[in-house]
Amino acid sequence: MTYKTLTAASLAALILGTGGALAETWRYAFEEAMEEVQGKFAQKFKEEVEANSEHEVQLFPFGTLGESADIMEQAQSGILQFVDQSPGFTGALIPEAQVFFVPYLLPADQDTLVDFFRNSKAINELFPPLYAEQGLELLTMFPEGEVMMTTTNEVTSPADLNEVKFRVMTNPLLVSSYQAFGATPTPLPWGEVYGALQTGIIQGQENPAFFIESTKMYEVTDYITRAGHNNFTTAVMANKDFYDGLSDEDKQVVNEAISVAFDYIVDYQTGLTEESLEKIKEAKPSITITTLTDEQRQPFMETADAVEQEFLKIGGPKAQEILDQMKADLAAAAAGSSESDAEDGSADEAAEGDEDQG
Ligand code: 6CS
């Protein structure tokens, strides 16, 4: 073989001595800052890929490439190889992804929740073809923490949300859900939320405690309400053409890195909610943090059926199949958790934990 007959790839492989795999730089954007949950996940992914291949992963946190909708477009067009976008923004693209906004569908118990995300057939088998239709390889979904409302007025019942312009992610079912809660939902991209609260354009928003703390949402609201209605779900994807074009070896590197990062991010979140709430209290002692009682939650919970029906209307052709499978997966996760509690004798402790978490 002469240099004339060498392809660019084989020449590079010769130079790099990588046995055929070209060392590339992969670009990965996410919706949060480097030290927030999505950033921590991305950093672990990068560390794993770089330790196990010749590739480099370049990370783009929130704000460097635009809003969530922008990074999704960039991933679909192949400018980015990887993107983390939450179903809160994917709902218009993949209507079935709105299922994560049926209130009280996901469990409050962390072990059950993680078991569900790890083993769900809906996530691992039914969602990937729906993402593939949009040019995306769904790599994983993971939870980011209990969602809480932060508002300028106290909220203990749906009546307290009357006339409250409440910011939600740009997801039609989330709009329906907050309508059912009695609020006036206002879909906005993330970058506009702090300013909108500061200027009084909106009077509330929802997010996990770590994000309320790190983005200082407590500065522009006075009440945090734990209604226990959801856990924040996010998803990591690759551009599908890029992923399909990877060697088997590189696919394995990517999949392994995702799996290691998943385990890492689950561990990372242990105690994070309570730590974040403590930091908020320290930074703003006047903040009121209320965990609603079961009785106070009841009217919020009663909206779940109507929102589920709405999901079946607007959740795309696979809505029913996704919902049924999610429910089956959640039941299996709950049964698995109670079995392992029984085995290690920790059922009582788990039940106590549930109460603490609400
Ligand atoms: O509320 C939002 O828009 C943002 N919340 C979190 C926890 N992550 C990213 C998302 O943009």
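The first residue of the sequence shown is numbered 1, and numbering continues consecutively from there.
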Original post:
Going only through I, L, V, M, F, W and Y residues with side-chain contacts under 4.5 Å, is there a path from Y223 to L161?
Top reply: no
Original post:
Between K318 and E96, does at least one N-O distance fall below 4.0 Å, as a salt bridge requires?
Top reply: no
Original post:
Between the main-chain N or O of Q296 and the side-chain N or O of T293, is there a donor-acceptor pair closer than 3.5 Å?
Top reply: yes
Original post:
Are I71 and I79 joined in one hydrophobic group, where the rule is that I, L, V, M, F, W and Y side chains link up if heavy atoms are under 4.5 Å apart?
Top reply: no
Original post:
OG1/T184 to CD/Q179 distance, rounded to the nearest 0.5 angstrom?
Top reply: 8.0 Å
Original post:
Is the backbone of E50 close enough, under 3.5 Å, to the side chain of E56 for a donor and an acceptor to pair up by distance?
Top reply: no
Original post:
Roughly how far apart are E137 CD and L246 CG, rounded to 0.5 Å?
Top reply: 9.5 Å
Original post:
Any sub-3.5 Å donor-acceptor pair from H55's side-chain atoms to E24's backbone N or O?
Top reply: yes
**OP:** Check whether any side-chain N or O of R27 sits under 3.5 Å from a backbone N or O of Q81 as a donor-acceptor pair, and report yes or no.
**Re:** no
Original post:
Are M34 and V236 linked, directly or through other ILVMFWY residues, by side chains that come within less than 4.5 angstrom of each other?
Top reply: yes
**OP:** Would you mind reporting whether Q76 and L93 have side-chain heavy atoms less than 4.5 Å apart?
**Re:** yes
**OP:** In sequence, state the C-alpha distance, the side-chain angles, and the governing distance for F166 and Y178, and then conclude on ring pair (Phe, Tyr, Trp, His ring centres under 6.0 Å).
**Re:** CA-CA 8 Å; F166 198 99; Y178 268 91; 4.2 Å; yes
**OP:** Flag the pair E310 and K313 as a salt bridge only when some basic side-chain nitrogen lies within less than 4.0 angstrom of an acidic carboxylate oxygen.
**Re:** yes
Original post:
Between R226 and E146, is there a salt bridge with N-O shorter than 4.0 Å?
Top reply: yes
Subject >> Shortest non-hydrogen contact between W190 and E67, atoms and distance >> reply: N-OE1, 3.4 Å
Subject >> NZ/NE/NH1/NH2 to OD/OE distance under 4.0 Å, K44 and D267 >> reply: no
Subject >> Exercise: identify the closest heavy-atom pair between N171 and P87 >> reply: ND2-O, 3.0 Å
Original post:
Should D329 and N119 count as side-chain neighbours, where that means a heavy-atom distance under 4.5 Å?
Top reply: no
Subject >> S259 (side chain) donor-acceptor with N255 (main chain) under 3.5 angstrom >> reply: no
Subject >> Stacked cation flag K251 on Y243, 6.0 angstrom / 45 deg >> reply: yes
Original post:
Do the side chains of V260 and F142 join up, straight or via other hydrophobic residues, at under 4.5 Å, putting them in one cluster?
Top reply: no
**OP:** Determine the sole option in Q269, E35, E32 for which the side-chain hydrogen bond (donor to acceptor under 3.5 Å, both in side chains) test with K40 is passed.
**Re:** E35
Subject >> Closest approach of L197 to Q203 (non-hydrogen atoms, all atoms of both residues) >> reply: CD2-C, 3.7 Å
Original post:
What distance separates Q85 CD from T90 OG1, expressed to the nearest 0.5 Å?
Top reply: 3.5 Å
Subject >> Exercise: identify the closest heavy-atom pair between K46 and V57 >> reply: NZ-O, 2.7 Å
Original post:
Is there a side-chain contact between F30 and V83, using heavy atoms and a 4.5 Å cut-off?
Top reply: no
Original post:
CD1/I322 to CG/L312 distance, rounded to the nearest 0.5 angstrom?
Top reply: 11.5 Å
**OP:** May I ask you to decide if G336's main-chain N or O and D115's side chain share a donor-acceptor pair within less than 3.5 Å?
**Re:** no
**OP:** If the plane angle is over 60° it's perpendicular, under 30° parallel, otherwise tilted; pick one for F181 and H229.
**Re:** perpendicular
**OP:** Indicate the ring-plane relationship of F82 and F242, choosing parallel, tilted or perpendicular according to the 30° and 60° boundaries.
**Re:** perpendicular
Subject >> Criterion ring pair (Phe, Tyr, Trp, His ring centres under 6.0 Å) against Y28, the qualifying member of F45, F41, F60 >> reply: F45
Original post:
Which atoms form the tightest heavy-atom contact between L65 and L80, and what is the distance?
Top reply: CD1-CD2, 3.7 Å
